[in-house]
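Structure first, commentary second.
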Amino acid sequence: MEKYDPQKIESKWQKEWEEKKLYKTTQDKSKPKYYCLDFFPYPSGASLSVGHCRNYVPTDVISRYKRMKGFNVLHPMGWDAFGLPAENDAIKKNIHPMDAISQNVANFKRQLRLIGTSYDWEREINSTDPSYYKWTQWLFLLLYKRGLAYQAVAQQWWCPSCKTVLANEQVEDGKCWRCSSEVTKKGLKQWFFKITAYADRLLFDLDKIDWPEKIKLMQRNWIGRSEGLIINFKIGSEIIPVFTTRPDTIFGATFLVLAPEHPLVKKIVSSQQKAEVLRYTEATKKKTEIDRLSEEREKTGVFTGSYCINLLNNKSIPIWVADYVLLTYGTGAIMAVPAHDERDFAFAKKFKLSIKEVIKPTKGYQSEFPAQVFTEKGKLINSGTFNGLTSEQASEKIAQTVEKNGWGHKKVQYKMRDWLISRQRYWGAPIPMIHCEKCGTVPVAEKDLPVLLPRLTDFEPSGSGRSPLSRYPAFVETACPACGGKAQRETDTQDGFACSSWYFLRFVSPHHENFAFEKQATKYWMPVDLYVGGAEHAVMHLLYARFYTKVMYDANLISFDEPFTKLKNQGMILASNGRKMSKSLGNVVTPDETVEKFGADALRMYELFIGPFEQEIAWNDKGIRGTRRFLDKYWNSIFDTDKSAGDSQDREIVSLKNKTVKKVGEDIEKFKFNTAVATLMEFLNKILGNKNNLSSKVKNDCRKTLTLMLAPIVPHITEEVWQRKYGDKSLKWSVLQQNWPSYNDKLIQNEVITLVVQINGKTRGTIAIEKNTEQDEAQKIILADNKFRKYFDRRKIKKIIFVPGRIINFLLL
RNA sequence: GGGCGGGUGGCGGAAUGGCAGACGCGCAAGACUUAAAAUCUUGUGAGAGCAAUCUCGUGAGGGUUCGAGUCCCUCUCCGCCCACCA
């Protein structure tokens, strides 16, 4: 008998599938559609690891499974090739990003083929193709025309190593998300997208999508919606508006705090305090974010020497400056209520400011004022006419009073800021805007898109705050689209996330020329039914893509406003020592070496079997032997010549077969791939264990069904088996074109079942009885059984708990 | 500090409130072999016993239940996310 030789059959079938275009996808209206998408990768490393395969193998299994279930499946792949990662990689290699990318793409693609993925490569896209970024630019103009793109000068996160500004989402712990350098702030004129205008919809629509709760929560926290009140405090003829979510505590406001960067600081500071305040604000400016964080929230601040009036009680309170108040949230100023806010409490204690209690705990709490801060809601005291009201009632009443008197207004506040989209880097889609001395900032005419990114040899960022493109007059100098006069192009490029915010739409009609996508095709394919990738994009890509989708929906370009119906995050694969796989540590395991040793099918199966899909897990070099052994056993079981045959185990195995079909299908749908594989292993073990006690009809049926169930998981070996053993000459030549096996619920139930016997709650054994045995009958059998008789000697039965088909529990006196 | 997960053999992990440890790795013994690898068979939570069996056992302690890895409370340890957002 021929041995299982993956090296021989795998490449053969990969070629065959490609030649016969098995995975070419068209709009087939006779079938339900299923759009199964991976996060498209950055081709910024030289090679994929087995960690990447944890994403691509399961989606491939789902795609194949859904095809066998009769769905028309769209399963495409493309490259997110603009942006910092690709450019940094190219600079490191000292080659042009375009060349680095085409090398990497070629290798990734080879690796994806090597592991037997079923992508429709005719739909491959690359975000750096002018035919692609033309539409990235078109969408920029769409946002601009809808009032959602604007330029503003502001203090922005600046990465001194990447030499560009960064979005808020791209700063982690005060460090650049790409290179981990400490970020600083820099004042520059930048382009923003007004994502805040969509904050509420981005928040509330989370309720209607099937995403991991963890990711939804992260988005909710990121958006950070809170309802509150803007209240003005008076200082001479000036007013200082503050934002609060606790209007009920306003009578407890014993001082006011401004952020050090607040524009009013200079105006209101008293002459005695001027020097000290200036020293403090200058010191704050020099601090990096890391410095601020490392101080462990020890409060710092200075008195301005000025006072303002709380309009609700006409009391005068001092104004301080402190860096625990952020300029960028609310109004950059707060009313401090030390009795009922932790931070204000700490500040008041440190600087010996007065603390006034205005909220009493309702029953259940003991007030520990003034030793401790009470931040919960309660009943008002020391609050004039509002005394006795609950926090909720008072908040509403006070808000009404404030609005009536024109002292302020209700306000919904978000933590999320607008999306900073400009990058002072070369490798991105140029922002399609033109600056004209006469006409101001003018969009590029749609007919002139794309604004091509020139191929430069010197594209290193200068650090001047201007993009390398600004050094190329041939790019910069142009004519104004409005007046025809001399004008300059915008030289900033778009954040790479702009490209990935709409790519899922390009796949439905990747070669369409007249528009970003064919509307008809989006109606058939969108939204994406299943989207799979790492959890690290929770608040970046996944938020931006939702935002773009809603903008396009509002512009009547598409008919859905959430792009990804169901989202799943795969767990990361770590090196065998539990550390991250990385090139610098030299512990990256590639699919290439693994396929060479064990075959692609064994790799695929192990990727699923290694552990729960969403869980981070360490690669085990030896574990994969198990799946390879399984495939050897499976192969041998198919081509083994039968020796003898009975039929004594037929009924049991048929039941098991039906059970297995049910369980494997359900597990795949629930992303429980590890137990799906375990179930298949168990099934084969059982067939092999009973092979001499099975009729050849049942044996053959089991093997054929097993082959079909294995087909999505290990497509090469099952294809070979199918062709050799079960294939006919029909049009459906491939095992992957067969129907997923069905099961019969009635056959799953065995006639004889195992009943667990417990005495006083302790398991003492099992008995095999007929399925529908009643309690009385079961009791009789057990009492007559030698095994159990001894437990009943000289003891009375007090009570019996009987769960049919499961358990019988005798409670004895 | 806040939020969300999670602690089960030597290891990865299974387990609608109903035989804890499926499946796999590893390990041990045996078969095959001159030998090794591969393969096959058997065993493999701890303790006691020749054995049938018995006792203990899912981070710690308590509770609910005929019955708890699973539900409730208290504690503890680990991981991730957010982190002065008024």
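Chain letters run A, B, ... following the sequence lines, proteins first, then strands; residues in each count from 1. All figures in this text were calculated on a predicted structure; none of them were measured in a lab.
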**OP:** Would you state whether a donor and an acceptor, one from the side chain of A:Gln758 and one from the base of B:G18, lie under 3.5 Å apart?
**Re:**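 Side chain to base: pair present.
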Quantified in whole Å, what is the [atom1] atom distance between nucleotide [N] and nucleotide [M]?
| N | M | atom1 | result |
| --- | --- | --- | --- |
| B:U58 | B:A52 | P | 25 Å |
| B:C77 | B:G24 | C1' | 28 Å |
| B:G47 | B:G61 | C1' | 24 Å |
| B:C40 | B:C50 | C1' | 30 Å |
| B:A15 | B:A22 | P | 12 Å |
| B:U70 | B:G21 | C1' | 15 Å |
| B:G63 | B:G17 | C1' | 16 Å |
| B:C73 | B:A68 | C1' | 15 Å |

Original post:
Does A:Tyr606 have its ring centroid less than 6.0 Å away from the ring centroid of A:Trp619?
Top reply: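 So the answer is yes for these two rings.
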Original post:
Less than 6.0 Å separating the ring centroids of A:Phe347 and A:Phe345?
Top reply: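 Aromatic pair excluded; centres sit 6.0 Å or further apart.
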I want to check one thing: is the phosphate of [N], taken as OP1 and OP2, less than 4.0 Å away from some side-chain N or O of [X]?
| X | N | result |
| --- | --- | --- |
| A:Asn760 | B:G67 | no |
| A:Arg764 | B:U55 | yes |
| A:Lys672 | B:C23 | no |
| A:Tyr329 | B:A83 | no |
| A:Arg629 | B:C25 | yes |
| A:Thr754 | B:C19 | no |

From the set [options], return the single nucleotide nearest to any side-chain atom of [X].
| X | options | result |
| --- | --- | --- |
| A:Phe609 | B:G24, B:C4, B:A86 | B:G24 |
| A:Lys762 | B:G24, B:U55, B:A86 | B:U55 |
| A:Val803 | B:G18, B:A14, B:A22 | B:G18 |
| A:Thr675 | B:A15, B:U53, B:U16 | B:A15 |
| A:Ile617 | B:C84, B:G12, B:C19 | B:G12 |
| A:Met218 | B:C19, B:G3, B:C81 | B:C81 |
| A:Pro612 | B:C66, B:A83, B:A14 | B:A14 |
| A:Ala678 | B:A86, B:A22, B:G18 | B:A22 |
| A:Asn620 | B:C54, B:C23, B:C25 | B:C25 |
| A:Lys299 | B:C84, B:C81, B:C23 | B:C84 |

Length of the [atom1]-[atom2] vector between [X] and [N], whole Å:
| X | N | atom1 | atom2 | answer |
| --- | --- | --- | --- | --- |
| A:Leu608 | B:G24 | CG | P | 16 Å |
| A:Glu616 | B:C81 | CD | P | 10 Å |
| A:Arg628 | B:C23 | CZ | C1' | 20 Å |
| A:Ile767 | B:C19 | CD1 | C1' | 13 Å |
| A:Trp320 | B:C84 | CH2 | C1' | 17 Å |
| A:Tyr414 | B:A86 | OH | C1' | 17 Å |
| A:Phe598 | B:C25 | CZ | C1' | 12 Å |
| A:Lys622 | B:G12 | NZ | P | 15 Å |

Identify whether any heavy atom of [X] sits under 4.0 Å from a base atom; if not, whether one sits that close to sugar-phosphate; answer base, sugar-phosphate or nothing.
| X | result |
| --- | --- |
| A:Lys633 | sugar-phosphate |
| A:Asn674 | sugar-phosphate |
| A:Asn685 | sugar-phosphate |
| A:Lys415 | base |
| A:Phe673 | nothing |
| A:Asn221 | nothing |
| A:Ile801 | base |

**OP:** Mind running side-chain contact (heavy atoms from CB on, under 4.5 Å) on A:Val61 and A:Phe673 for me, showing each step along the way?
**Re:** CA-CA 9 Å; A:Val61 171; A:Phe673 301 107; 4.3 Å; yes
Original post:
Is there a donor-acceptor pair closer than 3.5 Å between any side-chain N or O of A:Asn232 and the backbone N or O of A:Trp407?
Top reply: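 Looks like yes, one N/O pair under 3.5 Å.
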**OP:** Could you give me the CA-CA distance, side-chain angles and deciding distance for A:Leu811 and A:Asn809, then say whether side-chain contact (heavy atoms from CB on, under 4.5 Å) is met?
**Re:** CA-CA 6 Å; A:Leu811 300 180; A:Asn809 188 1; 4.1 Å; yes
Subject >> Assigned glycosidic conformation for B:G9 [threshold 90° from 0] >> reply: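 What B:G9 shows is a syn base, its glycosidic angle lying within 90° of 0.
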Original post:
What class does the angle between the rings of A:Trp320 and A:Phe303 fall in, given that below 30° is parallel, 30 to 60° is tilted and above 60° is perpendicular?
Top reply: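 The rings of A:Trp320 and A:Phe303 sit tilted, inter-plane angle from 30° to 60°.
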Subject >> Residue whose nearest RNA chain B nucleotide is more 5′ - A:Val539 or A:Arg625 >> reply: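 Going by which nucleotide is closer to the 5' end, it is A:Arg625.
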Original post:
Mapping A:Thr244 and A:Lys3 to their closest nucleotides on RNA chain B, which lands nearer the 5' end?
Top reply: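 The residue whose closest nucleotide sits nearer the 5' end is A:Lys3.
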**OP:** Using a cut-off of 6.0 Å, state whether more than 12 heavy atoms not belonging to A:Lys580 lie near its atom NZ.
**Re:**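 No - once you tally the heavy atoms of other residues, nucleotides and ligands closer than 6.0 Å, there are 12 at most.
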**OP:** Would you please name every residue forming a salt bridge (Lys or Arg N to Asp or Glu O under 4.0 Å) with A:Lys568, sequence neighbours left out?
**Re:**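 Expected list: A:Glu614.
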Subject >> Ion pair check, A:Glu666 and A:Lys672, cut-off under 4.0 Å >> reply: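 Between A:Lys672 and A:Glu666 there is no salt bridge, as every charged N stays at least 4.0 Å from the carboxylate O atoms.
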**OP:** Decide, yes or no, whether a salt bridge links A:Lys299 with A:Asp344 under the criterion of side-chain N to carboxylate O below 4.0 Å.
**Re:**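 Answer for the salt bridge query: no.
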**OP:** Show the numbers, then the answer: is there a side-chain contact (heavy atoms from CB on, under 4.5 Å) between A:Leu812 and A:Phe792?
**Re:** CA-CA 8 Å; A:Leu812 305 182; A:Phe792 296 96; 3.9 Å; yes
**OP:** Report the stems of RNA chain B as range-with-range entries sorted by first number; a stem here is at least three consecutive pairs, Watson-Crick or G-U wobble, both distances under 3.5 Å, and write none if there are none.
**Re:**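 So far as stems of 3 or more pairs are concerned, RNA chain B shows B:1-7 with B:76-82, B:10-12 with B:23-25, B:26-31 with B:39-44, B:45-48 with B:53-56, B:59-63 with B:71-75.
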